[in-house]
Amino acid sequence: MKKQHLSPRPNAFKAIGNSYTQVIFACQPWGGLAISLALLLCSPRYALVGLIATTISYLLALICREESDKVTQGLSGYNPLLTAIAVYSLVGGWMGVLWAAIGAAITYFVTRLMQRWMGAMPVLTAPFVLTSWALVPLMRLWPTSPSIHLFWDATWDLASPTNIWRGDLLSFGEIYLQDNLCFSLVIMLILLMGSWKHQGWVLCTLLLLPAVATLFGWQESLSSGLLGYNPLLVAAALTTFPSPLRAMWGRVGEGLLAILFSIVISYYGAKLFDYWHFPLYTAPFVLTTWLLLALRKFYPMA
């Protein structure tokens, strides 16, 4: 079938802004603007990297003549955005910006290939995970630039003691900006401005995280924020992909089990990947969501 030209042309402002919100499925029309402004306030370097990555993905979508609606929704930009941020965090400086741009372009094409290969199954953040895993060994060969003239590498944050409650909040920002409480609070507010179902799953996750961490002695993992960001993505996915079960107890039970599973797999996955000296990224979120969607095909009632 012959490819069609984009008609009408996708809204560039919405496409770039929605690339930020698609990561956490906040589904807020102003969410992308809020996240980009929070990045600019908390870390101008990451704001620049994010803008470059989303702009590259938008331009590539125009060149490849993607469907206008999908581009405007930000579906082409959120994986390149995550890869760019992850790559930049490993290299830093102006060279890190260059590598981030390259990583974003590669991730765009990986996303397109996975979308064709997986059909109806959502790719989620899998292109980001796979591309970043492939680039990490290469990035580690490059000398890092913790500071460089004419480029502000400092971040602005709230100073507070490290504990499980602060770590609970840090979970919101880990997918973009690690260890920055101010940015995490902005993400939390955006998520809580969604539907009541979205709010419910987010609050359930916030309560389950310290409970599970205290019960199993995982406080150290939670206090760093690393235990929570994958479960929070799963909580957001439960709203994006609502349960087909009719009974309320079935829908609630399914969601709670999915969140608990993501917490457990995040903890043990992080331990395993730390042993390999490799970042886990959002692999637990992708695995949990794919498993949940696959299991739904065997539900007796829909």
Side-chain angles (χ1 to χ4, degrees), residues 21-27 67 69-70 73-76 78-79 82 107 110-133 171 174-175 191 194-209 211-213 215-216 218 221 226-273 280-302:
T21 58
Q22 279 293 335
V23 179
I24 50 178
F25 302 104
C27 301
E67 293 181 26
D69 290 341
K70 291 183 178 180
Q73 291 172 16
L75 297 176
S76 302
Y78 70 99
N79 274 293
L82 292 181
T107 307
V110 172
T111 302
R112 294 202 69 191
L113 288 174
M114 291 194 68
Q115 287 172 339
R116 293 180 180 179
W117 177 65
M118 297 189 64
M121 183 69 78
V123 298
L124 305 176
T125 57
F128 149 63
V129 173
L130 295 176
T131 306
S132 298
W133 280 351
S171 302
E174 281 293 330
I175 196 169
L191 284 173
S195 66
W196 66 269
K197 292 181 180 179
H198 202 163
Q199 295 169 2
W201 288 126
V202 169
L203 292 174
C204 282
T205 308
L206 282 178
L207 294 175
L208 283 172
L209 281 167
V212 173
L215 180 63
F216 294 101
W218 298 345
S221 296
L226 296 176
L227 186 62
Y229 70 99
N230 275 294
L232 282 168
L233 289 173
V234 172
L238 290 172
T239 306
T240 306
F241 309 105
S243 174
L245 294 172
R246 295 176 181 175
M248 175 65 74
W249 67 267
R251 296 194 297 269
V252 173
E254 179 201 62
L256 291 176
L257 287 175
I259 293 172
L260 287 170
F261 179 77
S262 66
I263 294 174
V264 173
I265 197 173
S266 294
Y267 176 78
Y268 286 107
K271 289 292 183 181
L272 179 62
F273 274 64
L280 182 61
Y281 294 131
T282 57
F285 155 63
V286 174
L287 179 60
T288 301
T289 306
W290 279 352
L291 179 62
L292 177 65
L293 295 178
L295 289 175
R296 284 178 177 177
K297 296 182 180 180
F298 300 97
Y299 287 173
M301 297 181 63

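Residue numbers start at 1 and run along the sequence shown.
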Side chain to side chain, Leu293 and Pro122, heavy atoms closer than 4.5 Å: yes

Taking the side chain from Asn230 and the backbone from Val286, do they hold a donor-acceptor pair closer than 3.5 Å? no

Do you know the tightest heavy-atom contact between Leu209 and Ser171? CD1-OG, 4.3 Å

Only counting residues at least two apart or in another chain, list the ones meeting salt bridge (charged side-chain N to carboxylate O under 4.0 Å, His left out) with Arg251. none

Would you say the side chain of Leu292 lies within less than 4.5 Å of the side chain of Leu238, judging by non-hydrogen atoms? yes

Taking the side chain as everything from C-beta on, heavy atoms only, tell me whether Tyr281 gets closer than 4.5 Å to Trp133. yes

Residue set satisfying ring pair (Phe, Tyr, Trp, His ring centres under 6.0 Å) with Phe216, at least two apart, ordered chain then number -> Trp218

Write down the atom of Gly255, the atom of Trp201, and the distance for their closest heavy-atom approach. CA-CH2, 3.5 Å

Not counting sequence neighbours, list each pair that qualifies as a side-chain hydrogen bond (donor to acceptor under 3.5 Å, both in side chains) and has a residue in residues 287-297. Glu254-Arg296

Residues 282-295 vs salt bridge (charged side-chain N to carboxylate O under 4.0 Å, His left out), sequence neighbours excluded, gives none

Enumerate, atom names and distances included, each donor-acceptor pair closer than 3.5 Å involving a side-chain atom of residues 123-132, sequence neighbours excluded.
residue, atom, partner, partner atom, Å
Thr125, OG1, Thr282, OG1, 2.6
Thr131, OG1, Pro127, O, 2.7
Ser132, OG, Phe128, O, 2.8

Closest non-hydrogen contact found for Ser262 with Pro284 is O-CB, 4.5 Å

Point-to-point distance, once rounded to the nearest 0.5 Å, from NZ of Lys70 to CD of Gln22: 12.0 Å

Ile263 side chain reached by Ile259 side chain, heavy atoms, under 4.5 Å: yes

How far apart are the closest heavy atoms of Ala213 and Leu227, and which atoms are they? CB-CD2, 4.3 Å

Taking the side chain as every heavy atom from C-beta outward, state whether Val202 and Thr239 have any atom pair closer than 4.5 Å. no

Do Leu291 and Phe261 touch side chain to side chain, with heavy atoms closer than 4.5 Å? yes

Between CG on residue Leu75 and CZ on residue Arg112, distance to nearest 0.5 Å: 12.5 Å

Among residues two or more places apart or on two chains, list those pairs meeting salt bridge (charged side-chain N to carboxylate O under 4.0 Å, His left out) that have a residue in residues 232-244. none

One should read off an interatomic distance between Leu208 CG and Leu215 CG, to the nearest 0.5 angstrom, of 11.5 Å

